[in-house]
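Worksheet: one structure, shown below.
Computed from a prediction, not measured in an experiment: that's the story for all the values here.
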Amino acid sequence: MGKIIKQGESYLQTRLNEAGIKPEDNLFRIWFNDEPTKRKDRLFSEDKSQNLLIRYVDLKGEQVYYDHKSTLKEFFRIRFKKPTSGMKYFQPKGTEMQMYWTPSIIQKYQQKEKIKTLFITEGEIKAFVGHLHGLDIAGIGGIHNFSNKSTNRLLPELEQLINTCSIHNIVLLFDADCLTVSNEKDKDLYNRPNSFYSAVKRFKELSAHLNIDVYFSHILPKYEQKAKGLDDLINHADTNIDLLKDELHLLSAGNQKEYVHTISISENSISNLRKYFGIDSVKTFYTKYSSILQEDIFIYGGSLYRHNGEKLLLEK
């Protein structure tokens, strides 16, 4: 179920209230272009259509700008109140991907404070809620949005943060539905889990020269319906937040956890991640997702398969 806007509340108010973001949390001192001193401004606001505007601030505490017809404009990402054609987010055309830095990360960068473990999650509000609860966390606009396409490297500010704050571990933290597939007859079911796998693999490859340990972590699938993302889980009435934070920082796959599962992404374990997502073979895929696929025909890797109750058959 999508977000429900209460009567009398704007979409902005609803999202901030659900996330537990208070008005004072939403203010941050920012350097704006051509202004001699910092001034407080809102990190989350709304446009005339009540779409959510997400302000981006760089590691120096300066508002991020982009060039629009030779005029500098403030950079926001937009979360639509009423998405159309499946499009929930928008950012100015022609602009590069940006890291979403939370206030605590910006402050630690400026103070050159060491950060042992940095969490990176998909979504600005998720990152902001994690920051409010003491996590060293940043956001990305999509699971692949941590690199610069033109240079084929990690985003420059991310490398700056890693080096300046002597980061030792980076955890890519995904939602509870990253292990979910649905048997849509016209879609290749290999693509969704492979997208998550390839995102983690690419991050590992692009960070190889930085001497950091990379981990993949996700909220357990049992929370998909009631608390899919980090913000939902933190704000769920039954969540033990201290235990959740302890589990996030416990970078070991061997312990049974209540909220998250974590995998180390070393050079010799990346192949294990393919198996974890069930994409090292069609047999592994069917075994992992058999409760959904059952005996229906499904597409995997461009071919049609079906299980007849006894064995897996290639249909076409």
Side-chain angles (χ1 to χ4, degrees), residues 1 86 119-123 126 140 142-144 146 170-205 213-230 232-233 236 244 247-248 250-316:
M1 181 181 293
F119 296 90
I120 298 177
T121 193
E122 182 188 14
K126 294 171 191 173
I140 49 178
I143 60 172
H144 296 272
F146 45 72
I170 289 187
V171 180
L172 300 179
L173 175 60
F174 293 162
D175 290 352
D177 64 349
C178 68
L179 294 176
T180 298
V181 299
S182 57
N183 192 5
E184 299 177 64
K185 304 302 181 184
D186 59 340
K187 289 189 177 181
D188 193 326
L189 304 190
Y190 170 85
N191 292 338
R192 176 176 166 81
N194 182 62
S195 182
F196 286 103
Y197 162 77
S198 61
V200 180
K201 181 174 181 288
R202 180 161 174 76
F203 190 95
K204 175 65 179 178
E205 291 169 348
D213 291 330
V214 178
Y215 295 83
F216 162 67
S217 185
H218 67 88
I219 297 170
L220 294 180
K222 66 181 180 179
Y223 290 102
E224 181 179 351
Q225 298 303 317
K226 60 180 179 180
K228 182 178 73 171
L230 179 63
D232 302 319
L233 188 57
H236 195 279
L244 170 60
E247 288 188 358
L248 285 169
L250 184 62
L251 304 179
S252 170
N255 299 294
Q256 188 69 31
K257 297 179 181 178
E258 171 61 30
Y259 297 111
V260 295
H261 183 72
T262 302
I263 300 173
S264 171
I265 308 302
S266 62
E267 294 297 335
N268 57 2
S269 66
I270 194 72
S271 60
N272 293 335
L273 188 63
R274 281 183 62 85
K275 187 173 183 180
Y276 184 73
F277 278 109
I279 56 172
D280 61 329
S281 70
V282 66
K283 289 183 178 180
T284 304
F285 183 83
Y286 181 82
T287 300
K288 189 170 188 69
Y289 302 108
S290 59
S291 61
I292 297 167
L293 303 175
Q294 300 185 31
E295 295 183 17
D296 295 333
I297 291 176
F298 64 94
I299 306 173
Y300 176 89
S303 299
L304 290 175
Y305 293 91
R306 181 177 65 85
H307 200 282
N308 67 359
E310 296 182 356
K311 62 181 180 179
L312 192 62
L313 304 174
L314 174 63
E315 291 284 311
K316 187 178 180 181

| task | Sequence neighbours left out, what pairs pass salt bridge (Lys or Arg N to Asp or Glu O under 4.0 Å) with at least one residue falling in residues 299-314? | result | Arg306-Glu315

| Test salt bridge (charged side-chain N to carboxylate O under 4.0 Å, His left out) applied to Asp213 - qualifying residues, sequence neighbours left out | none

| remark: salt bridge (charged side-chain N to carboxylate O under 4.0 Å, His left out) filter on Arg274, not counting sequence neighbours, yields none

Testing the basics here: between [X] and [Y], what is the closest heavy-atom pair and its distance to 0.1 Å?
X	Y	value
Ala227	Asp232	CA-CB, 3.6 Å
Gly142	Glu122	CA-OE2, 3.5 Å
Pro193	Val181	CD-CG1, 4.1 Å
Ser217	Val171	CB-CG1, 3.5 Å
Leu244	Val260	CD1-CG1, 4.2 Å
Leu189	Leu293	CD1-CD2, 3.5 Å

| field | side chain to side chain donor-acceptor pair (under 3.5 Å) pairs, two or more places apart, involving residues 284-295 | value | Asp280-Thr284, Ser281-Thr284

Could you state the interatomic distance from [atom1] ([X]) to [atom2] ([Y]), rounded to the nearest 0.5 Å?
X	Y	atom1	atom2	result
Asn272	Ile263	CG	CD1	8.0 Å
Tyr197	Ile279	OH	CD1	6.5 Å
Glu258	Glu247	CD	CD	6.5 Å
Ile297	Asn183	CD1	CG	9.5 Å
Leu233	Ile219	CG	CD1	5.0 Å
Phe174	Ile120	CZ	CD1	9.5 Å

| field | Ring centres under 6.0 angstrom apart (His218, Phe196) | value | no

| said: Under 6.0 Å between ring centres: does that hold for His307 and Tyr305? | reply: no

| task | State, yes or no, whether a side-chain contact exists between His144 and Ser198 at a heavy-atom distance under 4.5 Å. | result | yes

| task | Report yes if the side chains of Leu172 and Lys204 come closer than 4.5 Å at any heavy-atom pair, otherwise no. | result | no

| Atom NZ of Lys283: over 12 foreign heavy atoms under 6.0 Å | no

| said: For Tyr300, give me all partners under ring pair (Phe, Tyr, Trp, His ring centres under 6.0 Å), at least two apart in sequence or on another chain. | reply: Tyr190, Phe285

| field | Residues that Tyr223 engages under ring pair (Phe, Tyr, Trp, His ring centres under 6.0 Å), provided they are two or more places apart | value | Tyr259

| field | Test item: Lys126 side-chain N/O and Asp175 main-chain N/O as donor-acceptor pair under 3.5 Å | value | no

| said: Keeping Asp188 on the side-chain end and Gly302 on the backbone end, is there a donor-acceptor pair under 3.5 Å? | reply: yes

| Under 30°, 30 to 60°, or over 60°: which ring-plane class applies to Phe146 and Phe203, parallel, tilted or perpendicular? | perpendicular

| query | Can Leu304 and Phe298 be said to form a side chain to side chain contact (heavy atoms under 4.5 Å, CB included), step by step? | reply | CA-CA 6 Å; Leu304 290 175; Phe298 64 94; over 6 Å; no

